[in-house]
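One structure is given here, and the rest of the page talks about it.
Predicted model only: the values in this text are computed from it and were never measured.
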Amino acid sequence: MENMPKAVELDDFDRRIIAALVDDGRMTVTDLAAQVGLSKTPCQVRLKRLQETGVIRGFRAIVDPAKLGMDHIAFTEVKLSDTREAALGEFNAAVRRIPEVEECHMLASNFDYLLKVRTADIRRYRIVLGEKISALPHVASTSTFVAMETVLEAGHKRVSRKS
């Protein structure tokens, strides 16, 4: 895999900057600098480098899906009929266009992909599964697991401060 991104060398200050921003992405650079033990200018330089190298890919609001009426989560196993590179590329491009799919992971397993799908309820999930996911290129079969409770979710996990 020639296109795999290379890891960026990070020191303790970089890790502290990342951890602080994971906790509060809206803090000012002045507050960030004070929290990590740097003056403002070196902190800004490091922050800019972390953004330019793609370590920090962006900032976003973390919303409560239940308050938006979107608290139904299903995990969908997808098995493809063709796993050659072209077929995988077609599937990957098409699954990115389904707004209800929050995450998509290719796995080394007895199935090919695991999707995290968020909808308002099981009826809406059934429509998404039947009309969108099952219609994706090269889908041979699917299997669904419905989440009963979310214990830990992306966006709420702390970043390790160690390398």
Side-chain angles (χ1 to χ4, degrees), residues 1-10 14-15 17-26 46-163:
M1 301 257 180
E2 299 165 6
N3 297 344
M4 294 295 291
K6 291 187 179 186
V8 175
E9 294 224 11
L10 303 174
D14 294 329
R15 285 185 184 78
I17 289 170
I18 294 164
L21 290 173
V22 167
D23 285 340
D24 180 4
R26 291 178 52 119
R46 285 174 177 269
L47 180 57
K48 184 177 180 186
R49 182 179 58 81
L50 290 169
Q51 291 172 306
E52 288 174 349
T53 59
V55 172
I56 295 176
R57 297 188 310 192
F59 297 90
R60 64 183 65 138
I62 300 171
V63 299
D64 183 342
K67 292 188 179 182
L68 299 175
M70 298 292 288
D71 56 347
H72 182 269
I73 298 172
F75 292 92
T76 309
E77 294 178 353
V78 178
K79 187 167 182 75
L80 300 184
S81 59
D82 183 354
T83 57
R84 291 176 289 182
E85 232 15 75
L88 296 175
E90 290 172 27
F91 178 88
N92 293 349
V95 77
R96 287 183 182 108
R97 293 191 291 268
I98 300 176
E100 294 86 355
V101 175
E102 284 190 350
E103 296 180 20
C104 174
H105 304 274
M106 181 190 289
L107 303 178
S109 181
N110 61 343
F111 58 95
D112 302 300
Y113 288 89
L114 182 64
L115 311 180
K116 178 182 177 187
V117 184
R118 185 179 298 275
T119 57
D121 54 38
I122 192 72
R123 287 178 292 288
R124 180 65 191 148
Y125 171 75
R126 177 65 191 97
I127 293 167
V128 170
L129 178 66
E131 295 181 6
K132 297 180 179 182
I133 295 171
S134 295
L136 288 168
H138 311 288
V139 170
S141 64
T142 64
S143 184
T144 297
F145 303 88
V146 175
M148 296 190 314
E149 178 182 2
T150 298
V151 177
L152 179 65
E153 191 164 45
H156 299 284
K157 187 172 182 178
R158 304 287 185 230
V159 173
S160 172
R161 293 177 191 249
K162 295 184 177 183
S163 52

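Nearest heavy-atom pair across A147 and F75 is CB-CE1, 4.2 Å. Of all heavy-atom pairs spanning V95 and C104, the tightest one is CG1-SG, 3.8 Å. The nearest pair of heavy atoms linking E153 to T150 is CB-CG2, 3.8 Å.
Atom OG1 of T76 is separated from atom CD1 of I133 by 4.5 Å, given to the nearest 0.5 angstrom. The distance from the CZ atom of R118 to the NE2 atom of H72 is 10.5 Å, given to the nearest 0.5 Å. To the nearest 0.5 Å, atoms CG (L136) and CZ (R97) are separated by 8.5 Å. Interatomic distance, CZ of F91 versus CG of D112, reported as 8.5 Å (0.5 Å rounding). The line from CG of L50 to CG of D14 is 5.0 Å long, rounded to the nearest 0.5 Å. Rounded to the nearest 0.5 angstrom, I56 CD1 and R46 CZ are separated by 12.0 Å.
Using a 4.5 Å cut-off on side-chain heavy atoms (C-beta onward), L10 and I18 make contact. Counting heavy atoms from C-beta on, the side chains of L47 and Q51 come closer than 4.5 Å. Looking only at side-chain heavy atoms (C-beta outward), Y125 and T144 come within less than 4.5 Å of each other. Contact annotation: the side chain of L88 approaches that of L80 to within less than 4.5 Å [non-hydrogen atoms, C-beta and beyond].
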*How far apart are the C-alpha atoms of F145 and E77, what are their side-chain angles, what is the distance that settles it, and do they pass the side-chain contact (heavy atoms from CB on, under 4.5 Å) test?*
CA-CA 8 Å; F145 303 88; E77 294 178 353; 3.2 Å; yes
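Contacts of R123 classified as salt bridge (Lys or Arg N to Asp or Glu O under 4.0 Å), with partners at least two apart in sequence or in another chain: D121. For L107, the side chain to side chain contact (heavy atoms under 4.5 Å, CB included) partners two or more places apart in sequence, or in a different chain, are H105, S109, F111, L114.
For K116 (side chain) and I73 (main-chain N/O), no donor-acceptor pair under 3.5 Å exists by modelled atom type. A donor-acceptor contact shorter than 3.5 Å links the side chain of S134 to the backbone of L129. Between the D82 side chain and the A87 main chain, no donor and acceptor come within less than 3.5 Å of each other. Checking side-chain atoms of S81 against main-chain N and O of H138 turns up a donor-acceptor pair under 3.5 Å.
Enclosure of atom CZ in R49 by more than 12 non-hydrogen atoms of other residues, nucleotides or ligands within 6.0 angstrom is indicated.
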